[in-house]
Amino acid sequence: ELREGGASRRDNHPGGAFGRWPAIWGFKPGSPPDEPGRTPDEQPPANGVDIPALWMGMSEVTIEQFERFLNSKSEGTRQIADHQLTAIESWINAHPRERGGQTALGMVSPILAAQFCQWLTQTAGQAGVKATYRLPSEVEWEVACRAGHATAFTWGDSEKYFPYFSAPWNEKQPFEVKTRMPNAYGLFDMHGNVWEICDSPWRDSYDGQPAAGEKRVVQRGGAAYNKATACRSAQRNYMASDAASDRVGFRLVMEMDGGK
C-alpha cells in the first residue's frame, strides 16, 4: 500500500489500481444556487451523509479489463443478451487498441456493469484476494470526484483548466485513461471521458424518494462530448437500467475483507 497526501493507493489488484480516502462525516452532495450550469436537482439535502473510508478505482474500467470478462465464458457472460453482446463487441472493435486497450469502456448498461462486478469478485476470490467489487453509490461518487473540494470542479471553479483534467469537448469519444491530471485523491477522469454508472436509483431531489417501480439509475461525471458545465462535480444525469450508450462506462469500488 502506498500513501499520497490524504489518500492511499493499492496497485496490481484484479480490478486494477485503487485510491482510498479517509471517512467523511456529514457530507452534503449538490451545488450552491449561483454555480454556473446548476440544475434544480442539485439542491443539497437537509441532512449530511456519513461516508466510510473507501477504495475506488483510480480510472474507469477499460476495454482491456472488460475483454477479460467477455473472454472468460463465465456464467455472467452467458447471461448477456445477444443484442447487448453484439453492440459492445462492435463498439470495442471500433475503438483504438493502443497501449493494450486502455481506452475507457463505453456501450455498457448498468445491468452489464453489475455482472462484471460479480465476475470480478469471483475471479479475485479464486486468486486468493478477499474483496468484493461493486459500483459506487451516487454520493460516494461525488465524494470521490470532489476530493475534499467544494468547488464546481475538483481543481476549482474555472473552466480554463478543464483540458488538463479531461479532453476538449469536441473530441467526442472516450480516450485513454490516466492521460490527464488526477484529482487530490489520485483518481483520474472524474470529469469527462465517459459518464459513470452509479448504483443508485434516480430521484428528482436528494431529499425525495425514487418513484415507485423506478428503473432509471444515476450516472455522473459527463463524457468526452460534453462541455465543462455538464462535467461538474455536482452534475446529475440518469439512464434506464437496461439501456446502453457509447458515452457511458463505469468505475469500481473495492471492499476488502476486514475493511483494510
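In this structure, CZ in R203 is found 13.0 Å from CZ in R216, a value given to the nearest 0.5 Å. With rounding to the nearest 0.5 angstrom, the CZ atom of R251 is 12.5 Å from the CD1 atom of I197. Rounded to the nearest 0.5 Å, atoms OH (Y133) and CG (L252) are 8.0 Å apart. Between the CD atom in E142 and the SG atom in C198 there is a gap of 10.0 Å [rounded to 0.5 Å]. Within the model, atoms CE of M107 and CZ of F66 stand 12.0 Å from one another, a figure rounded to the nearest 0.5 Å. In this structure, CG in L187 is found 10.0 Å from CH2 in W141, a value given to the nearest 0.5 Å.
For the pair R180 and F175, the cation sits on the ring face: its NZ or CZ lies under 6.0 Å from the ring centre, inside 45° of the axis.
When the side chains of ILVMFWY residues are joined at heavy-atom separations under 4.5 Å, either directly or via intervening members, M239 and W202 end up in two distinct hydrophobic clusters. The hydrophobic clustering, which links ILVMFWY residues whose side-chain heavy atoms are closer than 4.5 Å, places F250 and V218 apart. A single hydrophobic cluster is not seen to contain both V177 and F162; linkage of ILVMFWY side chains at heavy-atom distances under 4.5 Å, directly or through other members, places them apart. Transitive grouping of hydrophobic side chains (ILVMFWY, heavy atoms separated by less than 4.5 Å) keeps V194 and V108 in distinct clusters. Criterion: ILVMFWY side-chain heavy atoms under 4.5 Å apart, direct or through other members. Under it, V139 and Y238 are not part of a common hydrophobic cluster.
Within a 6.0 Å sphere centred on OH of Y161, other residues, nucleotides and ligands contribute 12 heavy atoms or fewer. Atom CG of N47 sits in a sparse spot, with 12 or fewer heavy atoms from other residues, nucleotides or ligands closer than 6.0 Å.
In terms of heavy-atom proximity, M56 sits nearest to P136 at CE-CB, 3.5 Å. Among all heavy-atom pairs drawn from D207 and A46, the shortest one is OD2-N, 3.1 Å. When all heavy atoms of T62 and G101 are compared, the closest pair comes out as CB-O, 3.6 Å. Counting all heavy atoms, side chain and backbone alike, L120 lies closest to G15 at CD2-CA, 3.6 Å.
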>> Is there a salt bridge (Lys or Arg N to Asp or Glu O under 4.0 Å) between E138 and R236? Walk through the geometry before answering.
In response: CA-CA 9 Å; E138 178 178 17; R236 305 178 69 221; 2.6 Å; yes

> Does the side-chain hydrogen bond (donor to acceptor under 3.5 Å, both in side chains) test come out yes or no for W155 and D157, once each step is laid out?
Replying inline: CA-CA 7 Å; W155 61 84; D157 289 316; over 6 Å; no

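Side-chain contact between F188 and T179 is absent, with no heavy-atom pair separated by less than 4.5 Å. Counting heavy atoms from C-beta on, the side chains of F153 and S166 never come closer than 4.5 Å. The closest side-chain heavy-atom distance from I88 to L105 is below 4.5 Å. Taking the side chain as every heavy atom from C-beta outward, D242 and S109 never approach each other to under 4.5 Å. Side-chain contact between I92 and L70 is present, with at least one heavy-atom pair separated by less than 4.5 Å. Residues Y206 and K28 have side chains not in contact (no heavy-atom distance under 4.5 Å, counting atoms from C-beta outward).
Side chains of T39 and D41: a donor-acceptor N/O pair is present below 3.5 angstrom, by distance only. In the model, W195 has no side-chain atom that pairs as donor or acceptor with a side-chain atom of S245 under 3.5 Å.
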